[in-house]
Amino acid sequence: MKRIVSGIKPTGSLTLGNYLGAIKQFVKLQKERKNDEFFLFIADLHAITTRQVPHELRKRTLDVAAMYLACGLDKERTTLFIQSEIHEHAELGYILQSNVYMGELERMTQYKDKNDKNDTSITSSLFTYPALMAADILLYDADYVPVGDDQKQHLELTRDIAARFNNYYSNFFKVPEPLIPEVGARIMDLQNPDKKMSKSENNPKGYITLFDDEKTITKKIKSAKTDSLGVINYDPVNQKGLANLINIFASVTDLSINEIVNKYKNVGYKIFKEDLAKKLVDVLIPIQEKYHEIIKSNELHEILNKGREIANRYANLKMKKCKRKVGLGRK
Ligand code: TYM
């Protein structure tokens with residue numbers, strides 16, 4: 001039996017990138033790996049590394065929890081919990097900060113991007129964020145961590161931190177493996193295909209949220225930036241915008257890139273985009289319907305309470321052992 005651990009930050013609305021890069025993969029893994037355990041959480045401590053409005057953060061935390069389930073995760077097989085409800089994440093995060101170097105944190109793209117923009121509002125927690133993320137994973141002895149491509153660097157650092165700790169204190173943390181999907185790992189902005197699709201900073205026309213209605217989805221896909229070549233072809237260098245749409249199509253339908261190119265090569269972008277918008281609507285609208293049912297029900301709180309109880313048991317035990325290993329406290 002393997003343990004699979006992953007999390008999502010409740011900042012802004014979830015995007016199609018979060019769905020195709022992460023949640024869809026969780027659901028698929030859960031169907032394929034019947035004997036494995038799934039620990040999935042809402043990373044609200046990570047969210048406050050940038051300023052959040054408290055009541056909005058609380059609402060989005062529940063929204064993400066409901067969306068995990070609406071997208072098809074099995075509540076019986078998922079330990080679903082809120083990161084801040086398990087205080088050991090922050091506690092281990094601190095210990096791991098003492099096992100990671102400034103130089104390593106400075107190399108993280110997420111931090112570098114902000115720093116390069118001379119953003120003076122970078123908090124110290126944004127800088128040390130990868131140590132907390134490592135704690136999220138190592139606390140539960142994760143075997144696998146399914147994430148989108150943008151989190152690969154954080155996973156590599158997590159592995160380095162675990163190995164360094166094990167090397168100094170003797171074997172203690174399991175060194176986890178990232179799981180990155182073959183398609184859908186990097187969904188790009190619809191207006192600027194050089195940038196990752198993200199809810200923060202980008203133009204709203206550039207991203208689709210999991211809450212967009214049919215009209216909005218169709219409009220955003222129709223106005224997605226392509227090129228003047230006008231031929232359906234998969235060329236991520238010269239036809240970046242189109243390649244991104246083909247990737248989205250492949251990820252949403254589970255068709256291969258070749259099958260899509262062959263199917264549409266003799267029609268223009270217009271028909272291809274109309275079909276893609278329909279496929280997205282067919283996937284996203286039922287998810288929204290389920291989300292509305294779940295968010296209204298009391299069951300969500302029951303699931304989160306149960307998740308908290310299970311996660312707490314693991315985290316508590318691991319943390320006790322960790323403190324002993326490091327020499328903290330009296331015994
Ligand atoms: P977050 O909240 O930014 O994103 C959640 C997941 O969605 C994936 N993702 C994408 N995949 C493809 N294309 C995109 N445009 C796209 N945008 C986002 C991300 O790769 C991620 O898998 N630090 C993490 C949350 C986290 C975490 C963890 C994840 C905290 N602790 C422990 C795994 C394990 C983050 O900010 O993800």
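Whatever order the structure lists them in is the order used to number ligands and atoms, beginning at 1. None of these values were measured; they are calculated from a predicted model. Only heavy atoms go into these numbers, but all of them, side chains included; no hydrogens, no water, no symmetry mates.
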N/O donor to acceptor pairs below 3.5 angstrom from side-chain atoms of residues 174-188, sequence neighbours left out:
unit_1: K174; atom_1: NZ; unit_2: D143; atom_2: OD1; d: 3.1
unit_1: R186; atom_1: NH1; unit_2: D149; atom_2: OD2; d: 3.4

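E274 and K270 are joined by a salt bridge, as a carboxylate oxygen and a charged side-chain nitrogen come within less than 4.0 angstrom of each other. For K225 and D194, the salt-bridge test fails: no basic side-chain N is under 4.0 Å from an acidic carboxylate O.
Summarising the local packing, NZ of K205 is surrounded by 12 or fewer heavy atoms from other residues, nucleotides or ligands at distances under 6.0 Å. By the 6.0 Å contact criterion, CD on E214 is open, its count of non-hydrogen atoms from other residues, nucleotides or ligands being 12 or less.
Residues with a heavy atom under 4.0 Å from ligand 1: S6, G7, I8, K9, G17, N18, G21, A22, F41, A43, H46, Y129, M133, D136, I137, V145, V147, G148, D150, Q151, G184, A185, R186, I187, K196, M197.
T158 and E156 share no donor-acceptor pair across their side chains, judged by distance under 3.5 Å alone.
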